[in-house]
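Atoms within each ligand, like the ligands themselves, are counted from 1 in listed order.
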Amino acid sequence: MVSSANLGFPRMGANRELKKLVEAYWAGKVTEQELQQGSKDLRAAHWKLQKDSGIDIIPSNDFSFYDHVLDAAHTFGVIPSKYQHLQSGLESYFAMGRGLQRAGDANVQAVDVPAQEMKKWFDTNYHYIVPEFASNQQFSLANSKPIDEYLEAKAIGIETRPVILGPISFLLLGKAVKGDSVQPIQLLEKLVPVYEQLLSKLKQAGASDVQLDEPVLILDLPASIKDAFKHAYEVLVKSSPRILVATYFGRLDSNVEFLTQLPIHGIHLDLVRAPEQLDSVLKVLPAHQTLSLGVINGRNIWKANLSKAIETVIKAVQAIGSDRVIVAPSCSMLHTPHSTESETKMDQEILDWLAFSAEKLHELATIKEAVATGPASVQAKLQANADSLARRAASKRIHRQEVKDRVNNISPDQLKRRSPFPERQKLQQEKLKLPKFPTTTVGSFPQTREVRLARSKLKKGEYTPEQYDEFIKGEVQKCVKFQEDANIDVLVHGEFERNDMVEFFGENFEGHVFTQNGWVQSYGSRCVKPPVIFGDVSRSRPITVYWSQYAQSLTKKPMKGMLTGPITCLQWSFVRDDQPRKDTANQLAFAIRDEVVDLEKAGIPVIQIDEPAIREGLPLRRADWDAYLQWAVDAFLLSSTGVHDQTQIHTHMCYSDFNDIFPSIKRMDADVITIENSKSDLKLLNAFEQHSYTNEIGPGVYDIHSPRVPSVQEMQERVAAMLKYLPTGLVWVNPDCGLKTRGWPEVEQALRNLTQVAQSFRAQA
Ligand SMILES: [Zn+2]
């Protein structure tokens, strides 16, 4: 019979219990024992929830105190030497995730170790801790977490399928420790026996099945990696429970051939991202393999179309028989919030369209039931689902013809500035009269406790809007005054009125809704609450003009208007699934374009449109890059080109290496780009030179991720390095990113140093 399975459940709990526990533990407010007990209770609650929802195959070891890749590193003994002198349990674990600084005394030594690098988990907004391997790496089964959690579930009467990051993905997601040149995959031979040991222990403990996650299978893989898979899995199956290899976030493509030749028991496919792969896999699936069908979206929040999912499952059943078919979410539910139940304030009409993790479990169970015992058995549920989908499709709240018409009639003129850059540059120079090596900041200034407090008072009604307004005005005044005093050339208002760069705009655009409790894990204990884009997006009134205009009224220097770009809004939201992402991006772009035009009308001479997320939207397969970059850059152009030549458009990028998308950055045609360069990466500068970038550029000279104040001399060295690659007339001097996480004293000092650096170069020029 068809069975239902889950691949992973969100760890945080309905009210972010895990976050609170872990943070309390870090703060020394709860003991390790309390942390362990609280986590155990949470795991039990989640297992029971899944069981009660009718899921047949329930995951264990999907829980993590911080991150599942870090868990794998810790379990397999991949602990770089700088952490080895720490206590082997939670102390070294958390130190690897978030660093550890502790003053010493007579009894204990001082500790100061940095965190390991953090990277985005494929194209989600979850970040994992990058494992670090050494050439002489030794592996060992350093803890028994997967077995303990399997037994813990068993003890409360719940049989589970342990989830373990597969050996190939584990190695490929990692890197060599600093100063070592090992390619982690070379260590496979040494690693496999430890996996064998773990799997056989799980078998002895009674596990019949395990889920080995190998998400790298949806990437373009060289032949050597395919061989590595073959080698590893041929060994592993011998002593293991039955192995299901889970793939997600994309299509297997040519990787399907060797995968179906492995002696594994089953394969999981993401049929939400890549529904078309089902047919080709069904054709080649050997008789000994089962197929797990990811038909429910594990990373978006919309109710599924159950009848469509059922059709897909029936197709597979007809092809390979019901015993070999499993109904599952596309990927772990880690990327969706816990349950819609706590959304007590949301608009009822829109709430009706949503399914968070708990609701997705019911969807899975219903699909299974419909296939196993016939649709009649779940008729009422299917009908309710169909009705809800129909209501959503027909909702007047979603569709607005004038917005669609605008997107359908984009003209080539709307995708380019009126004149080419050299002409604009001249006009802007005449208007702005900036010195050489102009200085600016990326936008936000410290979001102090007082600023956050004022916002929360406004929310609670303890501040009237007028009081809040006065407060923010005071902050803007201080900020403008400081910038003038520090001799910055292009000023900003400081973004004090904003909670978050995407949420702020979403709250002011049509077609967005906000959850009360829709948290998803971003990294470690940090959770985010992405806006939900449910309908056609537009802007009904100016959003930022008031503050930019106010700030401009305080100074004769040019004030820079600050906006978030369309792709970043798209990437950091839950996006509607009833139209291509490209269309939503263009709607966002028009909304921003309207704001840009209004800022210009209000006399704001410089406007920055931030696109930190443009690189992270890149598809996982190279073959899909061009199509994405085409529409993503077009959306940026659409948002930014509605102004006259004299208006200077800036963009800002951070969080990634941009070297491989340079032609696209060029095509964005911003007059000025400020870009993160905190590693003072000569590769970045080299790329600017190689691609003969001609517009103006400010590679960051001040790493804002650290409270350290950079000295004049070190920033001078950075600018000097830039000048080896970039012509003097193009270089701006600015920090890496916004200053909102910093404190005022450091920021003041650092920016005064920064303007001094610019002055010293001007004197030489
Ligand atoms: Zn940034």
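Separation of the Tyr126 and His68 ring centroids falls under the 6.0 Å cut-off.
Just one residue in the list Lys120, His127, Met118 forms a side chain to side chain contact (heavy atoms under 4.5 Å, CB included) with Ser522, and that residue is His127.
With sequence neighbours left out, Arg593 forms a salt bridge (Lys or Arg N to Asp or Glu O under 4.0 Å) with no residue at all. Here Arg752 pairs with Asp485 under the salt bridge (Lys or Arg N to Asp or Glu O under 4.0 Å) rule; sequence neighbours left out.
Using modelled atom types and a 3.5 Å distance limit, the side chains of Asn517 and Arg16 yield no donor-acceptor pair.
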Which atom pairs, one a donor and one an acceptor, fall under 3.5 Å between side chains of residues 739-747 and the rest of the protein, sequence neighbours left out?
{"from": "Arg742", "atom 1": "NE", "to": "Glu746", "atom 2": "OE1", "distance (Å)": "2.8"}
{"from": "Arg742", "atom 1": "NH1", "to": "Ile704", "atom 2": "O", "distance (Å)": "2.6"}
{"from": "Glu746", "atom 1": "OE2", "to": "Gly743", "atom 2": "N", "distance (Å)": "3.1"}

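Distances from the Zn ion (ligand 1) under 2.8 Å pick out these protein N/O/S atoms: His652 NE2, Cys654 SG, Cys737 SG.
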